[in-house]
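Structure, as structure tokens:
Lettering follows sequence order; numbering is per chain, from 1.
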Amino acid sequence: MLLQSNTAGSVGSFAQIGVSMSFTTRGFSGRRREENPRLPPGQTLFEDWPVLTAGPTPRVDAADWELTLRDETGTDHRWDWDGLLALGVEDVTVDIHCVTHWTKLDMAWRGVSLDKLFEDVETEHEFVMAHSYGGYTTNVPLEDLLDGKAWIATEAEGEPLDPEHGGPARLLVPHLYFWKSAKWIRSLTMTADNEPGFWEQNGYHLYGDPWKEERYW
Amino acid sequence: MATRLDGNALAGALSEVFREDVTAARARCIGCGGVSPIGGAVVYPDAPGLVARCASCDQVLATIVDAGDRVFLSLSGMSTIELRR
């Protein structure tokens, strides 16, 4: 047998290279939740905006970018860059909460509401799998994308989204942990079941409500 | 620019699970079928977990999520790992 049955004693050694540790020195303000009711449990306020990435950064020009929304009939609803913007871009100011324990308040975003994308989509399915350029996936219930709760974001803090932050466009679902706000969004596929995306398969929570601290399985 | 480390960055985390350092062990990538040492993988540490990708084809080979009192280890991108006696 190569697998050890008891690993509890060495968790500390893992934590030394655990990714969450590397952010505690960047933009750390020291303000904790008891001083700010807008901080979900276990979160710390950040002023800057850390870049998290699970792989190489895709470089997609807006001119080549396309978003596809596929329903259960196999019908594709497609938007190119101009077509997306023509749906109507709105300004939103929201707080974002990363599962690696940082929260950034009052971020100014511009994007297109998912309500606009789903306007002409008829579906009985209740779940959505978001797919990104580069292969990332994350699952979100449809109801969490509608009624003014989610956007295809194209700008943040007055600038077009950098590729490192998911440009040219990313999903923005600020009421869930930020791994749900898939960078480099490419398609949304309706699914009958709540199938796990990338991080959800690999230990993170299927839903991810920061106020309930739904971080892991 | 995303931080990229080599697969030897997995040594500490994997030492929790395996008795010996397995970064020298060879594994087969399910993406390209290539067989190479785990230490040769490309590791992305600035993510909600460590993500190791095949240096040849970018297939995700392994993820390691530190959940405090638990560790989630996925080796789903490696079809086989060769362990020497």
Side-chain angles (χ1 to χ4, degrees), chain A residues 1-23 26 42 50-59 98-102 134-138 162-165 177-180 183 196-205 208 213-217, chain B residues 1-23 25 27 30-31 41-77 80-85:
Chain A
M1 278 292 289
L2 283 153
L3 292 173
Q4 292 181 345
S5 58
N6 183 354
T7 61
S10 50
V11 164
S13 63
F14 173 78
Q16 287 170 13
I17 60 167
V19 63
S20 60
M21 305 299 287
S22 61
F23 293 118
R26 280 200 271 161
V51 172
L52 275 70
T53 187
T57 300
R59 307 281 165 175
C98 179
V99 74
T100 62
H101 298 278
W102 56 263
Y136 181 76
T137 56
T138 190
D162 282 339
E164 285 75 15
H165 285 300
Y177 279 125
F178 206 44
W179 89 76
K180 297 287 186 179
K183 297 179 182 183
F198 177 75
W199 283 120
E200 295 85 358
Q201 289 175 45
N202 293 326
Y204 282 95
H205 197 275
E213 223 175 341
E214 293 174 338
R215 298 180 194 274
Y216 311 106
W217 294 357
Chain B
M1 193 59 197
T3 305
R4 291 157 56 100
L5 306 176
D6 70 47
N8 293 303
L10 300 174
L14 290 177
S15 71
E16 273 202 296
V17 182
F18 294 95
R19 282 186 184 161
E20 294 172 16
D21 180 4
V22 294
T23 54
I30 65 165
V42 179
V43 175
Y44 291 83
D46 294 337
L50 293 174
V51 179
R53 289 177 177 267
C54 174
S56 298
C57 75
D58 276 335
Q59 166 74 41
V60 175
L61 297 172
T63 60
I64 304 171
V65 171
D66 177 359
D69 59 343
R70 294 170 289 160
V71 175
F72 293 95
L73 170 66
S74 167
L75 303 175
S76 63
T80 304
I81 301 173
E82 173 194 48
L83 298 156
R84 293 183 181 276
R85 293 198 176 89

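- In this structure, A/W102 and A/F178 have perpendicular ring planes: the angle between them is above 60°, well past the 30° mark.
- No donor-acceptor pair closer than 3.5 Å links the side chain of A/D162 to the backbone N or O of A/E164.
- Residue A/N202 forms a side-chain contact (heavy atoms from CB on, under 4.5 Å) with just one option from B/L73, B/V51, B/I64, B/T63, and that option is B/T63.
- For B/V60, the part sitting under 4.5 Å from any heavy atom of chain A is the side chain, from C-beta outward, and nothing else.
- The aromatic rings of A/Y204 and A/Y216 are tilted relative to each other, their planes meeting at an angle between 30° and 60°.
- For the set A/A54, A/G134, A/G203, the count of heavy-atom pairs under 4.5 angstrom toward chain B peaks at A/A54.
- Residue A/Y177: no heavy atom, backbone or side chain, is found under 4.5 Å from chain B.
- When the candidates B/D58, B/V22, B/V43 are compared by the number of heavy-atom contacts under 4.5 Å with chain A, B/D58 comes out ahead.
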